[in-house]
Amino acid sequence: MDKTLTEVSKVLQLSRISQHKNAQTNKKMEEKALEVYDVIRTIRDPEKPNTLEELDVVSEKCVEVQDLGDDEYLIIIKFTPTVPHCSLATLIGLCLQVKLQRCLPFKHKLEIYISEGAHSTEEDINKQINDKERVAAAMENPNLREIVEQCVTEPDD
């Protein structure tokens, strides 16, 4: 009987340790997500004088961070264009890519998507904004690069 109680006690203790570690990990991921959100919320819309946060294109809920191990994180962003036929959704995705690549102080992989059902051509746009070669080619275009710079530059930079 004592042996059984000891084993049950050990299992409960291990369970509490596991729950504590999970809570710590969840808290860390939430903090990383807020850090990411703070970077993207001030990106300016390409057409309007507002930020993506002000237009509800991005919100805290649109950022998810997963621990990949070795101090590397997977960042998943799901943004919502203001209208289902937004012609600048790809450009917004490009701005998100550029600003996060420049500003995040930790090692990461990045996936950016349009929220499901939020755009008429979301599948095509999702492919474009997650294709590294297309992103690099777009940033070689001086006109596009200038627009992206205007959108990602902080007002006091």
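None of the values given here were measured: they were computed from a predicted structure.
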Leu100 reachable from Tyr73 in the ILVMFWY side-chain graph, under 4.5 Å edges: yes
Smallest separation among heavy atoms of Ile112 and Gly93, with atom names: CD1-O, 3.9 Å
Sequence-distant partners of Glu54, side-chain contact (heavy atoms from CB on, under 4.5 Å), two or more places apart: Asn50, Thr51
Approximate separation, where rounding is to 0.5 Å, of Gln128 CD and Thr121 OG1: 8.0 Å
Salt bridge (Lys or Arg N to Asp or Glu O under 4.0 Å) assessment of Arg102 paired with Glu149: CA-CA 12 Å; Arg102 287 182 185 173; Glu149 290 300 332; 2.3 Å; yes
Point-to-point distance, once rounded to the nearest 0.5 Å, from CD1 of Ile40 to CD1 of Ile92: 11.5 Å
Side chains of Glu64 and Met29 in contact at under 4.5 Å (non-hydrogen atoms): no
Hydrophobic cluster identity match, Val98 and Ile76, side-chain contacts under 4.5 Å: no
Asp71 side-chain N/O to Phe106 backbone N/O, donor-acceptor pair under 3.5 Å: no
side-chain contact (heavy atoms from CB on, under 4.5 Å) partners for Glu72, two or more places apart: Leu68, Lys107, Lys109
Closest heavy-atom pair and its distance - His85, His119: C-NE2, 3.7 Å
Heavy-atom pair of closest approach, residues Leu110 and Ile77: CD1-CD1, 4.4 Å
Show me the donor-acceptor pairs, under 3.5 Å and distance only, between side chains in residues 56-63 and residues at least two apart or in other chains.
unit_1: Ser59; atom_1: OG; unit_2: Lys61; atom_2: N; d: 3.4

Rounded distance (nearest 0.5 Å) linking atom CD1 of Ile147 with atom CZ of Arg44: 15.5 Å
Contacts of Tyr113 that satisfy ring pair (Phe, Tyr, Trp, His ring centres under 6.0 Å) - sequence neighbours left out: none
Exercise: identify the closest heavy-atom pair between Cys86 and Pro81: CB-CB, 3.7 Å
From Leu96 atom CG to Ile43 atom CD1, the distance as rounded to the nearest 0.5 Å: 4.5 Å
Asn130 side-chain N/O to Asn126 backbone N/O, donor-acceptor pair under 3.5 Å: yes
Within one Ile-Leu-Val-Met-Phe-Trp-Tyr cluster: Leu88 and Ile114, side-chain cutoff 4.5 Å: no
Minimum heavy-atom distance between Thr42 and Lys99, given as atom pair plus value: OG1-NZ, 3.1 Å
Approximate separation, where rounding is to 0.5 Å, of Ile75 CD1 and Tyr37 OH: 15.5 Å
Separation of Glu123 CD from Ile125 CD1 (nearest 0.5 Å): 11.0 Å
Any residue meeting side-chain contact (heavy atoms from CB on, under 4.5 Å) with Leu144, in chain and number order, not counting sequence neighbours: Leu91, Ala138, Asn141
Donor-acceptor pair, side chain of Arg134 and main chain of Ile129, under 3.5 angstrom: no
Side-chain heavy atoms of Lys48 within contact of Thr82, under 4.5 Å: yes
Heavy-atom closest pair, residues Glu140 and Arg145: O-NH1, 3.6 Å
Path from Phe79 to Val152 over hydrophobic side-chain contacts below 4.5 Å: no
side-chain contact (heavy atoms from CB on, under 4.5 Å) partners for Glu31, two or more places apart: Lys27
